[in-house]
Amino acid sequence: MTKPLALFLMGPTASGKSALAMSLVEHLPCDIISVDSALIYRGMDIGTAKPSLQEQAAVPHHLIDIITPLEVYSAAQFIEDVCPLIDDMHKRGKTPILVGGTMLYFKALIEGLADNLPNADAKTREKIVAKAEQEGWQAVYDELVAVDPIAGQKFKVSDKQRIIRALEVYRLTGEPITKLQAEQPKNQPYRYTFHNYALMPDRL
């Protein structure tokens, strides 16, 4: 049997993803799911290119404004939230359009997740964020480089969510996240057919 279809519309902030998705919904039986680690938070409306209230009223956008900035959210939680949405859309004869720039979430949906990583831990994350507030994100990044040089090569100081997750895993397990990811096979990929599209506008 053919797997149900899901469209991925990827790209950086302000690349025109939302406008294109809105246009597609006007012409095709589609619904929009946000794939953005910033838009999930209520109140984070500046610098995130969050769809306006008018746009959200015209076309339902899922996984926007679902938690407060004080709550923890992970790729695993995204998978738990997004799969029922996709299944429901297919039951209603809709094709889901997943729109955003958080590549970790897209990757998790395409490839599955390693099953040996700990779940998000609010207290551990709070300690990491507290250190960043007191000493700066460079200090937090330097800590990551010391315990997981491979992750340090992959991330930049501005990759705050990824740094938090990598340090969280290390503090909980005593092992670098890159080592755990390399050692363990991933779960089976999810049960959909993905068509991937990326908007990469020229930056002047």
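Bear in mind that the values here come from a model prediction, so they are computed numbers and not experimental data.
The two atoms that bring L199 and P12 nearest to each other are O-CD, 3.3 Å, heavy atoms only. Residues K154 and R162 approach most closely at O-NH1, 4.5 Å, considering heavy atoms. Minimum heavy-atom separation, C30 to I97: CB-CD1, 3.6 Å. In terms of heavy-atom proximity, H90 sits nearest to P4 at CE1-CB, 3.1 Å. Across all non-hydrogen atoms, the minimal contact from G93 to P29 is O-CB, 3.9 Å. Summarising the geometry of A38 relative to D36, their closest heavy-atom pair is N-OD1, 2.7 Å, with the distance given to 0.1 Å.
Between the CE atom in M22 and the OG atom in S18 there is a gap of 8.5 Å [rounded to 0.5 Å]. In this structure, H195 NE2 and L7 CG are separated by 7.5 Å, a value rounded to the nearest 0.5 Å. In this structure, the separation between CG on L117 and CD on E175 is 11.5 Å, given to the nearest 0.5 Å. With rounding to the nearest 0.5 Å, the separation of CG in N119 from OG in S74 is 7.0 Å. Atom CG in L98 sits 10.5 Å away from atom CD1 in I32 (nearest 0.5 Å). The structure places OG1 of T193 at 6.5 Å from CG of L5, a figure rounded to the nearest 0.5 Å.
Of the possible donor and acceptor atoms, one in the side chain of T173 sits under 3.5 Å from a partner among the backbone N and O of V169. Between the side chain of R125 and the backbone N or O of I164, no donor-acceptor pair lies under 3.5 Å. A donor-acceptor contact shorter than 3.5 Å links the side chain of E55 to the backbone of S52. Judged by distance alone, the side chain of D159 and the main-chain N or O of K156 form a donor-acceptor pair under 3.5 Å. A donor-acceptor pair under 3.5 Å links the side-chain atoms of H61 to the main chain of V59, judged by distance alone.
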Apply salt bridge (Lys or Arg N to Asp or Glu O under 4.0 Å) to R171 and E143, showing your working. CA-CA 11 Å; R171 291 187 180 188; E143 179 186 345; 3.1 Å; yes

Assess the residue pair F8 and F106 against the criterion (side-chain contact (heavy atoms from CB on, under 4.5 Å)); give the C-alpha distance rounded to whole Å, side-chain angles, the decisive distance to 0.1 Å, and a yes or no. CA-CA 8 Å; F8 284 1; F106 282 118; 3.5 Å; yes

Apply side-chain contact (heavy atoms from CB on, under 4.5 Å) to residues F194 and L109 and explain how you reach the verdict. CA-CA 10 Å; F194 303 112; L109 189 52; 3.8 Å; yes

Evaluate the side-chain contact (heavy atoms from CB on, under 4.5 Å) criterion for residues S37 and Y105: first the C-alpha distance (whole Å), next the side-chain angles of each, then the deciding distance (0.1 Å), finally the verdict. CA-CA 8 Å; S37 60; Y105 293 177; 3.7 Å; yes

Can you list the steps and then say if D81 with L85 is a side-chain contact (heavy atoms from CB on, under 4.5 Å)? CA-CA 7 Å; D81 290 340; L85 287 173; 5.5 Å; no

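I66 and V82 fall within the same hydrophobic cluster, where Ile, Leu, Val, Met, Phe, Trp and Tyr residues are linked whenever their side-chain heavy atoms come under 4.5 Å apart, directly or through other members. In the hydrophobic clustering of this structure, L39 does not group with L20; members are Ile, Leu, Val, Met, Phe, Trp, Tyr whose side-chain heavy atoms approach within less than 4.5 Å, directly or through other members. Cluster annotation: I163 is not connected to I40 through the hydrophobic network of ILVMFWY side chains, with a link wherever side-chain heavy atoms come within less than 4.5 Å. L104 and Y141 fall into different hydrophobic clusters, defined by Ile, Leu, Val, Met, Phe, Trp and Tyr side-chain heavy atoms under 4.5 Å apart, directly or through other members. If you chain together hydrophobic residues whose side chains sit under 4.5 Å apart, Y197 and I33 never meet in one group.
By the side-chain contact (heavy atoms from CB on, under 4.5 Å) test, A166 is found to be paired with L144, F155, I177, residues two or more places apart in sequence or in another chain being considered.
Checking N196, V35, V99 one by one against M10, the side-chain contact (heavy atoms from CB on, under 4.5 Å) holds for a single residue, N196.
For the pair D121/L172, a side-chain contact is recorded, criterion being any heavy-atom separation below 4.5 Å from C-beta on. Between V25 and D31 the shortest side-chain heavy-atom distance does not fall below 4.5 Å. Side-chain contact between K107 and M103 is absent, with no heavy atoms from C-beta onward closer than 4.5 Å.
With respect to the salt-bridge test (charged N to carboxylate O, under 4.0 angstrom), the residues E168 and R165 qualify. Between K179 and D148 there is no salt bridge, since none of the side-chain N atoms of the basic residue sits less than 4.0 Å from a carboxylate O of the acidic one. Salt-bridge check for D65 with K50: passed, with a basic side-chain N closer than 4.0 Å to an acidic carboxylate O.
Counting only N and O atoms by type, the side chains of Y192 and D87 include a donor and acceptor under 3.5 Å apart.
Heavy-atom contacts from other residues, nucleotides or ligands closer than 6.0 Å to NZ of K160 number 12 or fewer. Remark: I150 CD1 is loosely packed, at most 12 non-hydrogen atoms of other residues, nucleotides or ligands lying under 6.0 Å away.
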